[in-house]
Trainee: 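Okay, here's the structure, questions in a sec.
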There are 2 protein chains.
Amino acid sequence: MKVTISDIAKMAGVAKSTVSRYLNGGYVSETTKLKLDKIIADTKYEPNSFAQSLKAKKTNLIGAIIPRFDSYATSRMLIGIDESLKELGYQILVANTSQKLEREIENIYSLANQKAAGIILLAKQITKEHIEAAKAVDLPILIAGQEDEEFHSLVYGDAQSGYDIGKYVAKCGHTNICYIGVTEEDVAVGVKRKEGFRKAIEEEGIENVSYYESSFSIEGAYTVATSIIKENPATVYVCATDNIALGTMKAIHHHGLKIPEDISVTGFGDYDVADIIDPSLTTIHYPYKTAGGTAANKIVRMIQGEDVERLTTIPCYLVERKSVRRRK
Amino acid sequence: MKVTISDIAKMAGVAKSTVSRYLNGGYVSETTKLKLDKIIADTKYEPNSFAQSLKAKKTNLIGAIIPRFDSYATSRMLIGIDESLKELGYQILVANTSQKLEREIENIYSLANQKAAGIILLAKQITKEHIEAAKAVDLPILIAGQEDEEFHSLVYGDAQSGYDIGKYVAKCGHTNICYIGVTEEDVAVGVKRKEGFRKAIEEEGIENVSYYESSFSIEGAYTVATSIIKENPATVYVCATDNIALGTMKAIHHHGLKIPEDISVTGFGDYDVADIIDPSLTTIHYPYKTAGGTAANKIVRMIQGEDVERLTTIPCYLVERKSVRRRK
DNA sequence: CTGAAAGCGCTTACAG
DNA sequence: CTGAAAGCGCTTACAG
């Protein structure tokens, strides 16, 4: 049978409240402390967390709301969050939304109901429902991956990354460029990266640039790239994510063209595969795992009521590999 | 302020027990039911799950203990588990062990303490501690990915997969074969696949086969493959996972050799990238997501006390792509 | 069909 | 330094 605080108290010949105090670091005499040490070790007593939470009205749970499990960026961030949270004495509770926006909202409420101490939301998009839910639950919420003035957030240097890639392809002598982006609903990936890129290109005085839009999937990118190859003589395809770059590379290969001799390709993210495929992919390194750790630290500081900077920007950097041809 | 069952009872002019009965599908008159419908909708009342669990001593939580977040197989299975569990009215609670065996054991105990209704353990290895913990917590536990007579389990057709690959490379005319496996501590991946492969090869009367061992990582496989290339003239490298195949392909490319012209490569798993890389990888398709759904159904049936078959085997099949040269 | 009462396993003032 | 008591928000026999 499961042992409870009453059992322990009885065995030690003290009151439940004394045991509780012992457990929570309160005042207990040395002798009863010793006695309790032994009894608790012997019985392997573990407090019932439901009873604790019911009474204390708080937990050490931190919810992580994620759009999907099978995303490189998400899983890497989750590792960072999980590891850091564990060190800080918190536990992660992962809620997957399968990319359904309404499920993000539901999860905010249900995590609040489960008395989560805080929430890290890996968001693709912030809507008014998000803001409403956040106000209603009145819980520390940290948005990761997107910026929003209503929330504390952690973002990557997307604009700078786009700028760096733009400068790089220009430096390599490319003057006919194709940019394969994503929906502008995703501000970080769809807007910031593109804007940074555009800025660099304009500074370089390059005019021959066309913009396309793809879904986030490899297959979607494959389809888009296939049609671009047929109609556009660009010498480099700048892709808004590594996944898009992968689909694009596949399409180029399937057309019997060579990378980077015929067409150059770049990505954003630096997934593991970027260094494995042939040719290896020139891309921007996004330190997802580290960022997850930073997010964990930030939410914990928010929970502890510290005065936390609203916006944290995680710097990224270019990794030059073999997928871009130097034309000069 | 958070509304409780007492508030609802007061507003409806009934007793708490009546509200509770209403909530749990018990007998309630039509009129009070209607009244309660409205009040609960208006107040957005949500029962406190801690109080429920404290009293009922059970939850609808099912723990999934995973070795790591950044594994293709794991994340796909998680998706399948998560989706199916949701449909069945259960919630997943993901616990990551960062590949630490002792954390698997810890998590079994802590999930029991959190009153999980059951546990799905994505295991690489079953030890006596696992068995001990399972007995101690007395909770339905399903092992996924490994077979063990002490547990209900769900496995892939690893031996058959190995056999199929063996037959396939033989059929393609390869007679000098190199098998790159993993530690035998992992019975499914390290033993079963190899045994199935060996059986096929023996049936084919091929004698020129050498066996190597790699870690699970791409980098580890790269290192192993690099040394093999220098010493072994095999025409095909049969790799025990797609990740190992990726590292191996990278090593082959780095040596200036062509796949499949100079060396052929096969994998197990059929990760997304298998179809994206160039050449695309001939491998065994493992339906991870579907298997996750099957696991979810199985654990729920176990929880419900149904008489569930101890061992479920998920069939896999060969996917022929471009990484194997036909020598005949 | 309904309500009063006890109890789940804790924590938290409060009094000593 | 310690204990008795109340209470967190539910559920569950039990009696009506």
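Note on naming: letters A, B, ... go to the chains in the order of the sequence lines (proteins, then strands), and numbering restarts at 1 for each one.
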Trainee: Any side-chain heavy-atom pair from Ile62(A) and Ile92(A) closer than 4.5 angstrom?
Mentor: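 No, side chains not in contact.
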
Trainee: From OH of Tyr22(A) over to P of dT11(C), roughly how many Å is that when rounded to an integer?
Mentor: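 Spelled out: OH on Tyr22(A) to P on dT11(C) is 13 Å.
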
Trainee: Return the set of residues passing ring-ring contact (aromatic ring centres under 6.0 Å, His included) with Tyr72(B) (not counting sequence neighbours), or none when no residue passes.
Mentor: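 Partners of Tyr72(B) by the ring-ring contact (aromatic ring centres under 6.0 Å, His included) criterion, ordered by chain and then number, come out as Tyr271(B).
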
Trainee: Contact list please: residues 11-20 of chain B against DNA chain D, heavy atoms, distance less than 4.0 Å, in numerical order.
Mentor: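 Within residues 11-20 of chain B, the residues near DNA chain D are Lys16(B), Ser17(B), Ser20(B).
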
Trainee: Which salt bridge (charged side-chain N to carboxylate O under 4.0 Å, His left out) pairs, counting each pair once, include a residue from residues 75-96 of chain B, with sequence neighbours left out?
Mentor: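 Every salt bridge (charged side-chain N to carboxylate O under 4.0 Å, His left out) pair that includes a residue of residues 75-96 of chain B, provided the two are not neighbours, is Asp70(A)-Arg76(B), Asp82(B)-Lys86(B), Glu83(B)-Lys289(B).
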
Trainee: Is there a salt bridge (Lys or Arg N to Asp or Glu O under 4.0 Å) between Glu150(B) and Lys135(B) once you walk through the steps?
Mentor: CA-CA 10 Å; Glu150(B) 298 277 344; Lys135(B) 295 221 166 101; 3.6 Å; yes

Trainee: With respect to the side chain of Asn48(B), which nucleotide from dT2(D), dC10(C), dG9(D) is positioned closest?
Mentor: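 When the side chain of Asn48(B) is considered, dG9(D) is the closest of dT2(D), dC10(C), dG9(D).
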
Trainee: Go through it in stages, so that I can follow the logic: the residues are Glu147(B) and Arg310(B), the test is salt bridge (Lys or Arg N to Asp or Glu O under 4.0 Å), and I'd like the CA-CA distance, side-chain angles, deciding distance and then a yes or no.
Mentor: CA-CA 10 Å; Glu147(B) 183 176 345; Arg310(B) 286 191 84 76; over 6 Å; no

Trainee: Write out the stems for DNA chain C, ordered by first number and formatted as range with range, counting runs of at least 3 consecutive Watson-Crick or G-U wobble pairs under 3.5 Å.
Mentor: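 As far as DNA chain C goes, consecutive pairing (with distances under 3.5 Å) yields the stems C:1-3 with D:14-16, C:5-12 with D:5-12, C:14-16 with D:1-3.
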
Trainee: Measure the distance from CG on Leu54(A) to P on dG9(C) and round it to the nearest whole Å.
Mentor: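 Interatomic distance, CG of Leu54(A) to P of dG9(C): 12 Å.
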
Trainee: Quick one: Gln52(B) CD to dC8(D) P, roughly how many Å, whole number?
Mentor: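 Checked: the CD to P distance equals 17 Å.
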
Trainee: Looking at dT2(D), I'd like to know if its phosphate oxygens (OP1 or OP2) sit under 4.0 Å from a side-chain N or O belonging to Thr32(A).
Mentor: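 Yes.
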
Trainee: Nearest whole Å is fine: how far is dC10(C) C1' from Leu23(A) CG?
Mentor: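 Atom CG in Leu23(A) sits about 10 Å away from atom C1' in dC10(C).
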
Trainee: Kindly write out the residues that satisfy salt bridge (Lys or Arg N to Asp or Glu O under 4.0 Å) with Lys33(A), not counting sequence neighbours, or none if the list is empty.
Mentor: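 Residues passing salt bridge (Lys or Arg N to Asp or Glu O under 4.0 Å) with Lys33(A): Asp37(A).
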
Trainee: On DNA chain D, compare the nucleotides closest to Tyr45(B) and Arg21(B); which residue's is nearer the 5' end?
Mentor: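 The residue whose closest nucleotide sits nearer the 5' end is Tyr45(B).
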
Trainee: Can you list the residues that meet the side chain to side chain donor-acceptor pair (under 3.5 Å) rule with Ser84(A), with sequence neighbours excluded?
Mentor: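 By the side chain to side chain donor-acceptor pair (under 3.5 Å) rule, Ser84(A) matches no residue at all.
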
Trainee: Could you check how far CD1 of Ile5(A) sits from C1' of dA4(D), rounded to whole Å?
Mentor: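 These atoms are roughly 14 Å apart.
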
Trainee: Hey, mind stepping through Lys35(A) and Glu30(A) against salt bridge (Lys or Arg N to Asp or Glu O under 4.0 Å) and telling me if it holds?
Mentor: CA-CA 9 Å; Lys35(A) 224 187 310 181; Glu30(A) 194 58 22; over 6 Å; no

Trainee: Are Tyr288(A) and Tyr156(A) close enough that their ring centres sit under 6.0 Å apart?
Mentor: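 Judged by ring-centre distance (under 6.0 Å), Tyr288(A) and Tyr156(A) do meet the cut-off.
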
Trainee: Write down the distance between CG (Leu34(B)) and P (dC1(C)), rounded to a whole number of angstrom.
Mentor: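 Checked: the CG to P distance equals 14 Å.
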
Trainee: Specify the separation, in whole Å, of atom NZ of Lys33(B) and atom C1' of dT2(C).
Mentor: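 Roughly 17 Å, once rounded to whole Å.
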
